[in-house]
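Order of the sequence lines fixes the chain letters, A, B, ..., with proteins taken first and strands second; residue numbering starts at 1 for each chain.
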Protein chains: 2
Amino acid sequence: MLAIGEFSQLTHLSVRTLRRYHDAGLLEPAAVDATTGYRYYSPDQIPTAQVIHRLRELDVPLSDVQRILRSPDPSTRATLVADHLQRLESELDRTRAAVVSLRRLLRPDPAALDVELRTVPATTVAAVEDDVAHEDVLDWYAGAMAELDAVVRQPTGAPGGLYDNALFENGRGHLLVYRPTAEPPRSGRVHPVTLPAVELAVATHVGEHDDIDVTYGELGSWVVANALAVAGPVRETYLVGPRDTPDPGAWRTEIGWPVFRMAPPVPRGPGAVERRPRTS
Amino acid sequence: MLAIGEFSQLTHLSVRTLRRYHDAGLLEPAAVDATTGYRYYSPDQIPTAQVIHRLRELDVPLSDVQRILRSPDPSTRATLVADHLQRLESELDRTRAAVVSLRRLLRPDPAALDVELRTVPATTVAAVEDDVAHEDVLDWYAGAMAELDAVVRQPTGAPGGLYDNALFENGRGHLLVYRPTAEPPRSGRVHPVTLPAVELAVATHVGEHDDIDVTYGELGSWVVANALAVAGPVRETYLVGPRDTPDPGAWRTEIGWPVFRMAPPVPRGPGAVERRPRTS
DNA sequence: GGTGCGGCCTCCCGATGCGGGAGGGTCAAG
DNA sequence: CTTGACCCTCCCGCATCGGGAGGCCGCACC
């Protein structure tokens, strides 16, 4: 039996941390003196303590560590651990993207962005839509696009998506991906949707999506500078993407921000009702 | 001028977060209405907001973000950013090591560790020592070893180190690295030190140090199982290391834990004083 | 000019995981 | 028994984010 200080030396976990893990039910001492409250650990607990230590180094939350330790058979355990490693991978991707994006932001003199104002008529397309949380977007997108591809046989244009602004503001929002086709089918999650007519401020993003936020920002600046206001979900159109060519440098994504001309500060005739709608 | 909600849409930062960044002095709105407290942002602030967003994605603390933004010339800025990328790199290393170590811990049936009890006489060696914080250990070690190598011309044995237990318990502790030699010189930080005689429980760790903590734990179990107690700083001896061969699989590190035989629970004669010292 | 609702404000609290420190009991060498 | 290291509990602070309450503001609409 080991006092907490000795156990601390053997496991390289601080005494404080060991007490916390006890309170959290993560690593119960083999014995606790009922009168003094002294914790005593068994040498058998060293491996467990080390597993906890390593998982914490991987930023696995304590609750998940507990779940891993509680799972009795090694295969469940291995699965849970593998899930976390997966999470680490995707975090790494995110980090990589942030670095790319940051580089572009800090570049001394960025090239001016080409923005085009385009009037888009209402269109009926085959679509998949859902309310999705920010962190699930990539997975959801992959699934939805795959389903669209499987169902839509004869697309008449590039695929695209509509992304609710609330997605970024509140962490979740309404997403819609679509593929234009002559006779939009109804199958599984796929169903016909009529996209409303809008006026779009359109810019084209070149390359991977790592730094697409920068293009978003530049487009946003342009919109504001031209006395327009944002109205409704952003539209992305995937002109050239990974499905078309493996070369990321050739990818082209159109970003279209629905805009409304701000009402000029002059008296208007009774019929000329053109208001800036609420941005929802 | 943009209200906070519009600015939020353009930058993909939540309204709450924008307010926090204002309070923190990170991103001051271009104008604040004195009577209502309404924040108004200029489109020029979009790039700044995005830089903040990206830096935060890289887990740069707000205070450092502020420092980066406040630094006027781009080269200082680039240096600060590069420092953080450096930090990310080393974190990545740490993560990789944790994964390796975890794999070994979760291996179904680990091979039993060979432990040897060895009596080591007092030795005078050339040493560099210091109080070092946990996170600085690797850098300190590299510098100290380099200095030793430069000064000690004719080593008579493998290099080694003594590592205070407090290093792991409290996050900082006393470190000493040494090289045995016939006439320990005194030069710069290098000076002669007499290592006290100890009885060591010795195990050999094979390969990189990623999972050396696991070996530590197994050695610790052995020590406790054999009714010994830890006394004093751990000793590592680098029998074969990166300086000897580039093949990590051939590296050999001896871990020696100073131990004291626990006093048997029988009355002792007056001269037979053999006590378990306090572990400090 | 009034109304309604969405946007904005401030302030407080919780989660997370770690450490610092106060105040006091326990253990074992001498 | 004394002494000093060790252990206990409890409270607070850190950083960053989100939730929610309670209330003012502004703008489209009538």
Q: Within this structure, what is the CD-OH distance for the pair B:Q9 and A:Y216, rounded to the nearest 0.5 Å?
A: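 Those atoms lie 12.0 Å apart.
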Q: Report the nucleotide, chosen from D:dC8, D:dG20, C:dC8, that has the shortest atom-to-atom distance to any side-chain atom of B:R16.
A: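 Minimum distance to the B:R16 side chain belongs to D:dG20.
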Q: Should the pair B:E91-B:R94 be classified as a salt bridge under the 4.0 Å nitrogen-to-oxygen rule?
A: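 Salt bridge: no.
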Q: Categorize A:R56 for me: base, sugar-phosphate, or nothing, with a 4.0 angstrom heavy-atom threshold over every strand shown.
A: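 Result for A:R56 = sugar-phosphate.
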Q: To the nearest Å, give me how far apart CZ (A:R20) and P (D:dC10) are.
A: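 Going from A:R20 (CZ) to D:dC10 (P), I get 15 Å.
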Q: To the nearest Å, how far apart are B:M1 CE and D:dG26 C1'?
A: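 From B:M1 CE to D:dG26 C1': 18 Å.
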Q: By nearest nucleotide on DNA chain C, pick out whichever of B:G37 and A:V60 is the more 5' one.
A: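 With B:G37 and A:V60 compared, the 5'-side residue is B:G37.
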Q: Nearest 0.5 Å, please: how far is CD in B:E218 from CZ in B:R104?
A: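 B:R104 atom CZ to B:E218 atom CD measures 5.0 Å (nearest 0.5 Å).
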Q: Could you give the CG-to-P distance, from A:L13 to C:dG19, as a whole number of Å?
A: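 Atom-to-atom, A:L13 to C:dG19, this comes out as 10 Å.
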Q: Measure the distance from CG on B:D33 to C1' on C:dC9 and round it to the nearest whole Å.
A: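 The distance from CG of B:D33 to C1' of C:dC9 comes to 11 Å, rounded to the nearest Å.
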Q: Can a side-chain donor-acceptor contact be found between A:H174 and A:D130 if the only test is distance below 3.5 angstrom?
A: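 Note: A:D130 and A:H174 side chains miss the donor-acceptor criterion.
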Q: Would you classify B:S63 as touching base, sugar-phosphate or nothing, given that sugar-phosphate means primed atoms plus P, OP1 and OP2, and contacts are heavy atoms under 4.0 Å?
A: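 Counting heavy atoms under 4.0 Å across all strands, no contact is made by B:S63.
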Q: Write down the distance between OH (A:Y40) and C1' (C:dT26), rounded to a whole number of angstrom.
A: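 About 8 Å, once rounded to whole Å.
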Q: Distance check needed: C:dC9 P versus B:D23 CG, whole Å only.
A: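 Distance check: B:D23 CG to C:dC9 P gives 10 Å.
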Q: Answer with base, sugar-phosphate or nothing: what part of the nucleic acid does B:R39 contact at a heavy-atom distance below 4.0 Å?
A: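 It contacts sugar-phosphate atoms only.
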Q: Counting side-chain heavy atoms from CB outward, which of C:dC18, C:dG7, D:dC7 is closest to B:Y38?
A: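 From the listed options, C:dG7 comes nearest.
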Q: Round to the nearest Å and state the distance from B:E6 atom CD to D:dG26 atom P.
A: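 Between P of D:dG26 and CD of B:E6: 14 Å.
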Q: B:I4 side chain: which of D:dG20, C:dC8, C:dG17 is closest?
A: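 Nearest to the side chain of B:I4 among the choices is C:dC8.
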Q: Given D:dC7, is OP1 or OP2 found less than 4.0 Å from the side-chain N or O atoms of A:R19?
A: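 The answer is no; no side-chain N or O of A:R19 sits under 4.0 Å from OP1 or OP2.
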Q: Within the structure shown, what part of the strands sits under 4.0 Å from A:Y21 by heavy-atom distance: base, sugar-phosphate, or nothing?
A: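 Result for A:Y21 = sugar-phosphate.
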Q: Check this one for me: any side-chain N or O of A:T17 less than 4.0 Å away from OP1 or OP2 of C:dG19?
A: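 A:T17 to C:dG19 OP1/OP2: side-chain N or O found under 4.0 Å.
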Q: Tell me whether the count of non-hydrogen atoms from other residues, nucleotides or ligands lying under 6.0 Å of CZ in A:R103 goes above 12.
A: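 Open.
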Q: If I take atom CD in residue A:E57 and atom C1' in nucleotide C:dG17, what distance separates them, rounded to the nearest angstrom?
A: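 Taking atom C1' of C:dG17 as the reference, CD of A:E57 is at 14 Å.
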Q: Which nucleotide sits closest to the side chain of A:S14: C:dT10, C:dG19, D:dC17?
A: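 Selected nucleotide: C:dG19.
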